[in-house]
K.L.:
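Pasting in a structure now, in structure tokens, and then I'll have a few things to ask.
Counting convention: from 1, in listed order, for ligands and their atoms alike. Computed from a predicted model, the values in this text were never measured in an experiment.
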Amino acid sequence: MKPFGPLLLVLAVLASAASGQDAPPAPVPIELPKIDIDGSVDDLLAQLSLEDKAGQMTQLTIGALSRAAATAQDPDGHRIDEEKLRHALVEKRLGSIINMDGAAFSAKHWQTLITTIQEIATAETAHKIPVLYGIDHVHGANYIHEATLFPHATGLAATRNLELAEMAAAVCARETRAVGIPWTFAPVLDVGRQPLWSRFYSTFGEDVHLCSAFGEAMVRGLQGSGISAPDRVAACGKHFIGYSFPFSGRDRTQVLVPERYLREYFLPPFWDAIDNTGLKTIMVNSSEINGIPVHANHSILTKLLRGQIGFEGVVVSDWEDIKKLHDYHRVAPTMKEAVRLAVDAGIDLCMVPYDFSFTDLLVELVNEGAIREEVLDESVRRILRLKYELGLFEDPFPAADAVEIIGNVEAGELSLRAARESLVLLKNDGALPIGPETRILLTGPGCDLRSPLHGPWSYTWQGRDEEAYPRSIPTLLHAFQAAHGRENVRFVPGTTYDGIIDLERAANAAHAADVIVCVLAEEPGAEQAGNIDDLALPAAQARLVRAVSFGKPLVLVLLGNRPRIITESDSLANAVLWAGYPGPKGGQAVYEALRGIFNPSGKLPFTYPRAPHNLVAYDHKFSDTADRHFGFNGFNPLYEFGHGLSYTTFESGNLVVPVTELTLADTLEFSIDVANTGAREGSETVEVFVRDLYASITPPVKRLRDFRKITLAPGESRTLTFRIPVSDLSFHNQQNMPVVEPGEFELQVGGQSAKFTVL
Ligand code: BGC
């Protein structure tokens, strides 16, 4: 049973008070038992042997303890190997297990599995320490078959709706905890400044402020105000640090980055999540930075993370990454040396995840004097503390009836809302919205598959297995046919992701349609499987666009991981809608956006490049942007960061900055009026950029410092007031310290600008 008791009692008192006629009596104070976590951890730690400690620091994947994996066709087909499990828990004192095996399990199967694991851990092991189970629930509880999935992070960032992101994360937490899993490896706090990187979709885009704001919202949603609650989990900020910036774009390859840049662009989302939301765990970057693998980098994992930032939670390695110090990065001539390097650098928990090599070598290293046992004590203390904070020592079992809330109607509605708000209308020459009686041709690889709506980490790791998706999720074609009438929606695939099927048939069908909706897509690929050699849209899909472009209204819908280069296709289209990986409600949301059933409001969280090598972010350095050939940076995107159209129009004006001379201790205050000047209700995001005119490090042209989304009725206007502490305008100087240098700044908001001075 979950510890619902005291909470239910408070609710019961409030409910009975609310139903009475008189003023509600003051709530009766309830004595909650106070658990002295530090005392309990110390007591337990004092009883543990070296082997116990090494076991607590070990994490295995469930596949290593199983007899059979689940399959797409049989989510309950997974079978645990009780002998191996018992050996792992009782003999090897294993502390943590992760992952699913093969494909998503049903909620019931998860409950049975977690119950079996925790029964052995709490009844048969010497110290009765519950297991810390972790899972990659990165866009909803994506490994529970009945759970609610949401758009991936890039889509959430496009909503510019922090409250929505927090609510989505709270659903993920509730559904994850319902099956007894208390820990998810989310959110990704890497900043997406390299569109070639295979995990671009998992970031909140290219801007630091946006990544911090959404990262914090997600952690708040996952952890709530306390992770012992029956509907919250511990979050894991990953992948500390710099993982998203591989030079080649290929996953887990070398990152070359100056320390100042690392601190300026990649550190803040982690630091903010730790400081502002009490993030409980951190996962480490698998790759190397400037020649040093992060798993072996004491300076990053201990001096920076523990010393400077003051992080007190658990640091978990990424998959096999300690072993990789030996056999991939080759900084350790033996596996034993790899273990020594990683533990010395600051890893608490090793995602081994197939065997006990780490555990055994760690014991040997301590016995040989190569690692002090106190180092293990520190890590085990953090791991045990997390288990206590999660309430696992009180009750590690899932409540049988908790599964009933999984995938409920409200959560589905929230997913639909998130999908709608995530869509970004990039271009519209008036072809949209589509009228009700029009004959639509749907063509392209994204029309009749569920996987390109969902992306990776959806029922399977890669998310590619169509069989693994619940039949109840409509493809885009199903959603269009259901809403627009089968007779009015024709489908001709035209191409696969990169091969031609029936271009001529698509072209002929286009002649018979009133409007052509071409759904371009990228096949999901989670990590290395998502590596590409060319950002250009695959040639077959570009040919499809040409084949159906002859003057009839042509709408492109872009599904996929990252901005694939569509410059030619875009020029042939009348309208373009970016949809990323919108999730299970994506089909319905796209249909409704094109028909104008709701008014799109998404804003690009990244710069959409015009050419494969024109990868310049919006906050680039000053240059002669008027001349793209001679300008230093050649910033010439197809669509800018923050771009996103609506079916209504907005106008901003009357920017008022009452005080324009400020000190570092002050707060910049200003107001601006925003009006809906069109004929229908719409939502607008006001983005606040600040330009530092001169600085000791070449300043960027502007940086996003705040944003706010509002909804306005036609003709309505509102005055928005912003307050930005001057200290938030800092950058890292030559000593790698955040500073605000005195001088002139320019505020840019809603097409208006105003100067102010920092004294
Ligand atoms: C990924 C992590 C993930 C881990 C556990 C790794 O391959 O890089 O993001 O959390 O696997 O599944």
Side-chain angles (χ1 to χ4, degrees), residues 58-66 69-70 96-105 132-144 152-154 172 176 181-192 197-204 215 218-219 222 233-246 250-253 255 269-270 279-288 293-295 313-325 328-329 342 347-354 358 455-463 524-531 561:
T58 305
Q59 184 176 72
L60 256 53
T61 180
I62 192 71
L65 307 170
S66 301
S96 179
I97 304 179
I98 57 164
N99 215 0
M100 54 80 199
D101 188 15
F105 304 160
L132 178 61
Y133 206 105
I135 192 110
D136 288 294
H137 282 172
V138 293
H139 64 131
N142 43 253
Y143 285 157
I144 302 174
H152 266 291
T154 313
C172 174
T176 302
I181 299 176
W183 185 26
T184 181
F185 301 136
V188 168
L189 297 176
D190 303 310
V191 181
W197 184 46
S198 64
R199 301 179 80 170
F200 187 81
Y201 65 91
S202 69
T203 72
F204 296 110
M218 296 296 284
V219 178
L222 292 170
V233 294
C236 182
K238 65 188 188 183
H239 308 76
F240 193 75
I241 174 183
Y243 179 43
S244 54
F245 204 52
R250 301 180 89 77
D251 190 41
R252 290 173 156 83
T253 55
V255 174
F270 289 93
L279 175 69
K280 293 292 173 190
T281 73
I282 289 272
M283 190 185 291
V284 177
N285 169 6
S286 292
S287 56
E288 60 165 86
V294 182
H295 282 75
V314 171
V315 172
V316 60
S317 85
D318 202 348
W319 190 274
E320 273 195 322
D321 278 333
I322 293 183
K323 182 165 166 279
K324 287 198 186 112
L325 294 177
Y328 175 68
H329 294 295
I347 302 283
D348 293 320
L349 185 56
C350 173
M351 193 184 288
V352 192
Y354 294 110
F358 168 83
W457 311 97
S458 301
Y459 304 99
T460 58
W461 173 39
Q462 294 299 326
E527 296 173 35
Q528 285 97 328
N531 285 344
N561 179 341

K.L.:
Answer whether the closest heavy-atom distance between the side chains of L222 and W183 falls below 4.5 Å.
P.N.:
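SC-SC contact between L222 and W183 ruled out.
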K.L.:
Among all protein heavy atoms, pick the one closest to atom 6 (C) of ligand 1 and tell me residue, atom and distance.
P.N.:
D318 OD1, 2.8 Å
K.L.:
With heavy-atom distances below 4.5 Å as the criterion, would you say the side chains of D136 and M100 are in contact?
P.N.:
no
K.L.:
I want to know if ligand 1 touches R252 in the polar sense, i.e. an N/O pair below 3.5 angstrom.
P.N.:
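Yes, since at least one N or O of R252 sits under 3.5 Å from an N or O of ligand 1.
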K.L.:
Check whether any N or O atom of W457, backbone or side chain, sits under 3.5 Å from an N or O atom of ligand 1, and answer yes or no.
P.N.:
no
K.L.:
At what distance is the nearest protein heavy atom to atom 7 (O) of ligand 1, and which residue and atom is it?
P.N.:
E527 OE1, 2.8 Å
K.L.:
Can you find an N or O of H239 that's nearer than 3.5 Å to an N or O of ligand 1?
P.N.:
yes
K.L.:
Just to be sure I read this right, does ligand 1 sit under 4.0 Å from the backbone of Q59, its side chain, both, or neither, counting only heavy atoms?
P.N.:
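Looking at Q59 and ligand 1, no heavy atom falls under 4.0 Å.
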K.L.:
What distance do L349 atom CG and F358 atom CZ have between them, rounded to the nearest 0.5 Å?
P.N.:
8.0 Å
K.L.:
Please list, in number order, the atoms of ligand 1 under 4.0 Å from a heavy atom of M283.
P.N.:
2 (C), 10 (O)
K.L.:
As a quick check of understanding, evaluate side chain to side chain contact (heavy atoms under 4.5 Å, CB included) for V352 and T58, giving each step before the final call.
P.N.:
CA-CA 7 Å; V352 192; T58 305; 3.7 Å; yes
K.L.:
What is the ring orientation for W319 with Y354, classed by angle as parallel under 30°, tilted 30 to 60°, or perpendicular over 60°?
P.N.:
perpendicular
K.L.:
Of the listed options (D251, V284, D136, N285), which comes nearest to atom 12 (O) of ligand 1 when hydrogens are ignored and any heavy atom counts?
P.N.:
D136
K.L.:
So, taking the atom named OG in S287 and the one named NZ in K324, what distance separates them when rounded to the nearest 0.5 Å?
P.N.:
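These two atoms lie 10.5 Å from each other.
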K.L.:
Can you find an N or O of S286 that's nearer than 3.5 Å to an N or O of ligand 1?
P.N.:
no
K.L.:
Using a strict 4.0 Å cut-off to heavy atoms of R199, name the atoms of ligand 1 that fall inside it.
P.N.:
1 (C), 2 (C), 8 (O), 9 (O)
K.L.:
Does the pair K323 and Y328 meet the rule for a side chain to side chain contact (heavy atoms under 4.5 Å, CB included), with working shown?
P.N.:
CA-CA 8 Å; K323 182 165 166 279; Y328 175 68; over 6 Å; no
K.L.:
Is the contact between M100 and ligand 1 made by the side chain, the backbone, both, or neither, using heavy atoms and a 4.0 Å cut-off?
P.N.:
neither
K.L.:
Any idea which atoms of ligand 1 are less than 4.0 Å away from a heavy-atom of K238?
P.N.:
2 (C), 3 (C), 9 (O), 10 (O)
K.L.:
Rounded to the nearest 0.5 Å, what's the gap from CG on N142 to CD1 on I144? Could you check?
P.N.:
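Nearest 0.5 Å value for the CG-CD1 distance: 9.0 Å.
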